[in-house]
Chemist: 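Got a structure for you, written out below as structure tokens; questions coming shortly.
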Amino acid sequence: MLIVEPSRLALKHLNILKDNITHALKLKGIRCNSIKEDRPLLTVDIDGDEVDALYALADIPGVACVCIAEESSKEFGTLINRAVNVIKGIMHKDETFKVEVIGYAKDKDYVPRDLEFALTASLVAELSSLNVRPGVKHVDRLLRIYIASENAYICKLSKQGVNGSPVGSNGYVLCSIYNGLSVLSCLNLILNGFRPEILLIYDEDEPTSLRLDAKLTAYIARHLAVDELSLSYTSIKSSIIGKGIAVDILNAYILDIFSNARDYKRIALPFTSIHEIGVVEQVINRIAKDKLVLLPLMFMHHYNIYDEQIGSYCIKDIDAIMQSTHDYEHDDIINYARECAGNIRGINVKITQTLMHDIIDTIRG
């Protein structure tokens, strides 16, 4: 059995979270038999490898923690005995441990601290031959027990989730993928409950640009909880526009033009505090008259601006921004944006293990 602890932001969107859980398991080839509520938890019954499912669900926005667990009654004595039997099967010699009880048994005459003390003492006595002992801060094993409305759950293996809001709980927003920072911007949208409508923009003058953008798009797609990716794309030429901030400005105007044509009311731009604030203000003032412009990266701290999977790309993008010249003719960029936006096309691609190559093959025709 898998236990999902929803994030606080997910508690109002449990039906959306359930759908996202089902999709995430499906993409891993794992059948989800049922998802039931035992407030504030979700219990997930599957056919498939529980460890694979654990790691798949930990990446879903809206999940605070996911565990492989055993169910138990909340009766104090029964829970202690059940927990000791379960934990005996996972503890090793000379390990330190800490018992953590989450939740309250409102209909019982004990509090979490009572259970923590009693279970700690029982484990020390039961596992004395293994030299197992309790710890305080840095322990080998955190033994977590959840107490929910109906039952208690003894966790055998736990993994922290990414928290946030379930994908789709805050509606749609148009964003682009053309470098590492743009992907990081999309990830932040997803974590905050938005479902991104993606415009892929590749550089015809860079031989590896389409392959990189397709790779980054495939990375984003695995977080979207859909079977098929609806994707728009167009191309630019850096020999015409330049690089660094000029590309970011061009991207903003392409998204603005495209959003007007498709009647999107929200767009997201990957501007950061490293961009010249005067340039950002000028762009926003031109395009924010009839839509909401989101800046997911503007207030991120420098030390958490990189996702570990795309960090190297973000570093290159920031270097390019820092080396950019400071002479931008916005009217010329807007005219070129109109040309690029006029070449936007749409495709639908099944989300499979070969998604990156399928995107490339479909765009190249």
Side-chain angles (χ1 to χ4, degrees), residues 1-12 14 17 21 34-46 50-51 53-55 57-60 62-164:
M1 173 183 290
L2 291 169
I3 300 300
V4 172
E5 178 190 354
S7 68
R8 289 189 178 183
L9 295 175
L11 292 176
K12 292 184 178 181
L14 288 181
L17 181 58
I21 287 172
S34 67
I35 302 176
K36 298 178 181 179
E37 295 182 27
D38 189 359
R39 293 278 181 163
L41 307 176
L42 298 177
T43 64
V44 185
D45 179 50
I46 65 168
E50 289 186 330
V51 175
L54 177 84
Y55 280 86
L57 299 187
D59 285 336
I60 297 178
V63 172
C65 185
V66 58
C67 311
I68 299 173
E70 296 286 344
E71 183 181 295
S72 171
S73 163
K74 293 190 292 183
E75 292 293 337
F76 189 83
T78 303
L79 179 53
I80 290 290
N81 292 333
R82 178 72 170 141
V84 169
N85 288 332
V86 171
I87 293 168
K88 281 168 58 178
I90 62 175
M91 293 292 294
H92 298 115
K93 187 177 181 180
D94 297 326
E95 281 189 327
T96 57
F97 70 90
K98 179 181 179 181
V99 176
E100 178 183 60
V101 177
I102 299 176
Y104 286 85
K106 297 180 180 179
D107 55 339
K108 307 298 178 184
D109 58 352
Y110 66 89
V111 296
R113 182 67 69 181
D114 298 332
L115 188 59
E116 290 172 352
F117 283 147
L119 182 54
T120 298
S122 296
L123 289 172
V124 170
E126 188 73 23
L127 302 175
S128 59
S129 61
L130 296 179
N131 193 33
V132 168
R133 59 201 183 280
V136 180
K137 292 184 179 180
H138 304 291
V139 296
D140 298 312
R141 199 175 295 274
L142 179 64
L143 305 175
R144 178 171 292 172
I145 295 177
Y146 284 101
I147 300 177
S149 295
E150 300 297 328
N151 300 295
Y153 301 93
I154 304 150
C155 300
K156 298 188 289 186
L157 182 64
S158 303
K159 185 170 176 58
Q160 292 300 117
V162 295
N163 283 292

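All values below were derived from every heavy atom in this structure, side-chain atoms included, with hydrogens, water molecules and symmetry-related copies excluded.
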Chemist: Could you tell me whether the side chain of Leu17 reaches within less than 4.5 Å of the side chain of Val63, counting heavy atoms only?
Modeler: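 Of all side-chain heavy-atom pairs linking Leu17 with Val63, at least one is under 4.5 Å.
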Chemist: Does the Ser7 side chain pair with the main chain of Gly164, one donor and one acceptor, at a distance under 3.5 Å?
Modeler: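 Yes, because the side chain of Ser7 sits within donor-acceptor range (under 3.5 Å) of the backbone of Gly164.
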Chemist: Roughly how far, to the nearest 0.5 Å, is CD1 of Ile90 from NZ of Lys156?
Modeler: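 Those atoms lie 8.0 Å apart.
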Chemist: With side chains defined as the heavy atoms from C-beta onward, is the minimum distance between Ile87 and Leu119 less than 4.5 Å?
Modeler: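 A side-chain contact exists here, since the closest heavy-atom pair is under 4.5 Å.
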Chemist: Tyr55 and side chain to side chain contact (heavy atoms under 4.5 Å, CB included): which single residue from Asp59, Val51, Leu57 fits?
Modeler: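 Of the listed options, the one satisfying the test is Val51.
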Chemist: Mind checking salt bridge (Lys or Arg N to Asp or Glu O under 4.0 Å) for Asp109 and listing every partner two or more places apart, or none if nothing turns up?
Modeler: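 Partners of Asp109 by the salt bridge (Lys or Arg N to Asp or Glu O under 4.0 Å) criterion come out as none, since no residue qualifies.
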Chemist: Find out whether Tyr153 and Thr43 are in side-chain contact, i.e. whether some heavy atom of one side chain is under 4.5 Å from a heavy atom of the other.
Modeler: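 Contact flag for Tyr153/Thr43 side chains = yes.
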Chemist: If you count heavy atoms of other groups shown closer than 6.0 angstrom to NZ of Lys98, is the number above 12?
Modeler: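 For Lys98, atom NZ is not crowded (no more than 12 foreign heavy atoms under 6.0 Å).
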Chemist: Glu100: what forms a salt bridge (Lys or Arg N to Asp or Glu O under 4.0 Å) with it, not counting sequence neighbours?
Modeler: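 Partners of Glu100 by the salt bridge (Lys or Arg N to Asp or Glu O under 4.0 Å) criterion, ordered by chain and then number, come out as Arg144.
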Chemist: Side-chain contact test, heavy atoms from C-beta onward, threshold under 4.5 Å: evaluate it for Leu123 versus Leu143 and give yes or no.
Modeler: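 SC-SC contact between Leu123 and Leu143 confirmed.
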Chemist: Below 3.5 Å, can you tabulate the donor-acceptor pairs from side chains in residues 78-86 to any protein atom, sequence neighbours excluded?
Modeler:
residue	atom	partner	partner atom	Å
Asn81	ND2	Gly77	O	3.3
Arg82	NE	Glu71	O	3.4
Arg82	NH2	Glu70	OE1	3.0
Asn85	ND2	Asn81	O	3.2

Chemist: Return the set of residues passing side-chain hydrogen bond (donor to acceptor under 3.5 Å, both in side chains) with Thr96 (not counting sequence neighbours), or none when no residue passes.
Modeler: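 Thr96 satisfies side-chain hydrogen bond (donor to acceptor under 3.5 Å, both in side chains) with Asp140 once adjacent residues are dropped.
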Chemist: Starting at CG of Leu2, measure out to CD1 of Ile46 and round the result to the nearest 0.5 Å.
Modeler: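 Between Leu2 CG and Ile46 CD1, I get 4.5 Å after rounding to 0.5 Å.
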Chemist: What residue pairs, at least two apart or across chains, pass ring pair (Phe, Tyr, Trp, His ring centres under 6.0 Å) with a residue in residues 91-130?
Modeler: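 Ring pair (Phe, Tyr, Trp, His ring centres under 6.0 Å) check on residues 91-130 returns Phe76-Tyr110.
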Chemist: Apply side-chain hydrogen bond (donor to acceptor under 3.5 Å, both in side chains) to Asp114 and list each qualifying residue two or more places apart in sequence or on a separate chain.
Modeler: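 Result, side-chain hydrogen bond (donor to acceptor under 3.5 Å, both in side chains) vs Asp114: none returned.
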Chemist: Is any side-chain heavy atom of Ile147 closer than 4.5 Å to one of Leu115?
Modeler: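 Leu115 reaches Ile147 side chain to side chain.
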